[in-house]
Number of protein chains: 2
Amino acid sequence: MPADAQISRLKPRRTDIRRENERTILDAAEKVFAEAGFGGATMQLIADMAGLPKANLHYYFATKEDLYRRVVQQIFEIWLDAAMLFDDAPGPVEGIGGYIDAKMDISRTHPYGSKVWASEVMHGAPVIQDYLETTLRDWTEGRIRAIQRWIDEGKMRPVNPRHLLYMLWATTQHYADFGHQIQTLNNDRPLSDRQWLEAKASVKDLVLRGIGAI
Amino acid sequence: MPADAQISRLKPRRTDIRRENERTILDAAEKVFAEAGFGGATMQLIADMAGLPKANLHYYFATKEDLYRRVVQQIFEIWLDAAMLFDDAPGPVEGIGGYIDAKMDISRTHPYGSKVWASEVMHGAPVIQDYLETTLRDWTEGRIRAIQRWIDEGKMRPVNPRHLLYMLWATTQHYADFGHQIQTLNNDRPLSDRQWLEAKASVKDLVLRGIGAI
DNA sequence: TTTTATGTTGACCGGTTGGTCAGGTTGTGG
DNA sequence: CCACAACCTGACCAACCGGTCAACATAAAA
């Protein structure tokens with residue numbers, strides 16, 4: 001057995017095979033679902049994107065719905081992680097400002113997931129309705145209380161916390177969901193690093209001024 | 001010929017037949033495309049929704065794509081009409097405030113069209129790319145100049161007009177595109193008249209404060 | 001080495017879809 | 001009243017889709 005066996009196996013272990021193939025398929029599925037919608041996506045398209053035979057997809061994911069559900073859950077968990085920033089913040093500048101930064105970063109790094117989520121909700125959330133009614137509802141109520149506390153402490157103007165949250169979601173996700181439109185209005189070029197910084201700064205400036213936190 | 005022939009014909013005129021059937025089909029198509037996506041929508045579903053045989057749809061609209069294109073053009077024209085308010089306004093309070101009012105009203109009255117547009121853009125705008133590159137680009141540049149003029153006249157803070165526009169689009173359309181999520185977070189009830197007024201007031205308040213217009 | 005569980009895949013199938021078309025009905029101008 | 005054009009529709013078809021399965025390959029366990 002060669003010395004580098006543990007850092008570069010020629011023959012992958014069983015557990016690695018499963019993990020890597022599931023990752024490959026999920027990434028391909030996220031892209032195809034985002035670009036074609038659930039109805040427009042085909043298992044063959046996802047298989048081609050993943051570089052695997054179609055039958056292999058069905059070995060790891062029983063049905064198209066199962067695969068789709070996993071993709072939607074993925075972006076939801078990423079967003080929930082980003083929302084941690086909200087809680088530990090002493091005031092709206094750090095809390096809401098940091099949340100905007102985090103969500104804008106996700107819109108740039110995970111545009112496909114955001115689109116799949118948007119599409120799912122637009123179609124009536126047929127597969128994640130329970131998430132909306134449990135996790136999202138609880139999370140929203142908690143954040144509304146946090147915002148209300150900042151208002152009570154005089155750290156920001158008295159605004160409707162619920163509609164403030166909707167504005168945060170709408171604006172940050174817009175840069176992912178409507179990225180194609182933004183790119184077209186940017187002379188068909190993707191936003192540069194500098195332009196992304198400008199976007200984040202503009203959104204934070206508008207929101208934090210709007211709530212009277214700066 | 002009866003006296004009331006001109007105000008209530010039993011047998012419709014040819015031109016009326018065409019107009020009414022096209023209207024019926026377009027309304028049904030808008031709803032089905034919004035709820036199922038382009039790929040998930042079927043001509044049979046649209047036909048059932050319209051109460052017409054499938055073959056009749058193909059008499060008025062040659063292909064599924066033709067029908068879809070007409071639906072997308074419709075919402076775009078509605079939005080363009082609403083944007084007229086922008087031009088004649090003396091300042092940002094009237095111009096941007098009025099634009100928010102108009103777009104929020106459209107989100108309530110035409111939620112299906114908004115969803116179809118969102119879906120189309122998310123999928124890379126395959127059928128309306130030319131609209132984005134001509135009409136929308138021109139409109140956007142004009143509005144950016146109007147905002148810049150207000151800034152130069154000291155009627156609002158110096159903000160990035162482009163990102164301000166994106167925030168307006170994102171936030172107002174969010175109430176249509178993510179209406180299901182908003183309804184779920186509203187105890188599964190649609191927003192009442194009072195709640196819509198509160199939403200419009202909140203959005204206007206946040207934006208107009210954010211740009212320093214009030 | 002043998003056995004067994006896991007991973008791989010081409011070929012296939014029933015069901016659905018967008019679209020066609022022949023043959024009929026109805027309104028309208030002459 | 002007639003002839004023509006517009007309108008209507010049941011029946012049909014080729015193409016495609018999600019999903020299955022038997023046969024095979026390979027890695028781990030015995």
Side-chain angles (χ1 to χ4, degrees), chain A residues 1-2 5-6 8-26 28-30 32-33 35-72 116 123 126-127, chain B residues 1-2 5-6 8-26 28-30 32-33 35-72 116 123 126-127:
Chain A
M1 182 184 267
Q6 297 190 3
S8 113
R9 280 179 164 273
L10 289 180
K11 299 196 173 180
R13 289 172 303 179
R14 270 272 140 80
T15 57
D16 290 341
I17 290 178
R18 178 158 215 109
R19 190 160 41 79
E20 285 176 16
N21 279 344
E22 285 186 359
R23 174 96 320 238
T24 302
I25 295 168
L26 280 171
E30 184 178 80
V32 173
F33 281 134
E35 290 178 344
F38 178 81
T42 69
M43 294 300 275
Q44 188 61 61
L45 226 59
I46 297 171
D48 293 345
M49 181 77 65
L52 294 171
K54 185 177 67 129
N56 209 346
L57 267 63
H58 280 102
Y59 176 73
Y60 288 104
F61 300 92
T63 68
K64 187 183 175 185
E65 281 82 2
D66 284 339
L67 180 52
Y68 174 76
R69 193 189 318 270
R70 286 282 300 272
V71 170
V72 176
V116 175
H123 298 157
V127 314
Chain B
M1 184 183 268
Q6 296 191 1
S8 113
R9 279 177 164 273
L10 288 182
K11 299 196 175 182
R13 290 172 302 178
R14 277 284 208 246
T15 56
D16 289 341
I17 290 177
R18 178 158 215 108
R19 189 161 42 80
E20 285 175 16
N21 279 343
E22 284 187 356
R23 172 86 282 136
T24 302
I25 294 169
L26 280 171
E30 183 178 80
V32 173
F33 281 135
E35 289 177 344
F38 178 81
T42 69
M43 295 298 276
Q44 188 61 60
L45 258 164
I46 297 171
D48 293 345
M49 181 78 63
L52 294 171
K54 187 178 65 127
N56 209 346
L57 268 62
H58 284 285
Y59 176 74
Y60 288 104
F61 301 91
T63 67
K64 188 182 175 185
E65 281 81 3
D66 284 338
L67 180 52
Y68 174 76
R69 194 190 318 270
R70 286 281 300 273
V71 170
V72 175
V116 175
H123 297 355
V127 314

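Excluded from the calculations below are hydrogen atoms, water molecules and symmetry mates; all remaining heavy atoms, backbone and side chain alike, are included. Chain letters run A, B, ... following the sequence lines, proteins first and then strands; every chain starts at 1.
Contacts of residues 63-71 of chain B with DNA chain D (heavy atom under 4.0 Å): none.
For R19(B), the side-chain hydrogen bond (donor to acceptor under 3.5 Å, both in side chains) partners at least two apart in sequence or on another chain are D16(B). Residues that satisfy the side chain to side chain contact (heavy atoms under 4.5 Å, CB included) test with D48(A), not counting sequence neighbours, are Q44(A). Take R69(B) and apply the salt bridge (charged side-chain N to carboxylate O under 4.0 Å, His left out) test, not counting sequence neighbours, and it matches no residue. In this structure E65(A) satisfies the side-chain hydrogen bond (donor to acceptor under 3.5 Å, both in side chains) test with no other residue, sequence neighbours excluded.
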Scan nucleotides 9-11 of chain D against the protein and return all N/O pairs shorter than 3.5 Å with their distances rounded to 0.1 Å.
residue: dT9(D); atom: OP2; partner: N56(B); partner atom: ND2; Å: 3.3

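Residue contacts for A47(B): at a heavy-atom cut-off of 4.0 Å it reaches no nucleic acid atom on any strand shown. Residue contacts shown for F61(B) are absent, as no nucleic acid heavy atom lies under 4.0 Å away.
Candidate nucleotides dC8(D), dG18(C), dT8(C) were compared by shortest atom distance to the side chain of N21(B), and dC8(D) ranks first.
A ring-ring contact (aromatic ring centres under 6.0 Å, His included) check over residues 47-66 of chain B, counting only residues at least two apart or in different chains, returns nothing.
Rounded to whole Å, atom C1' of dG19(C) lies 9 Å from atom CE of M43(B).
Distances shown here put a side-chain N or O of R18(B) below 4.0 Å from the OP1 or OP2 atom of dC7(D).
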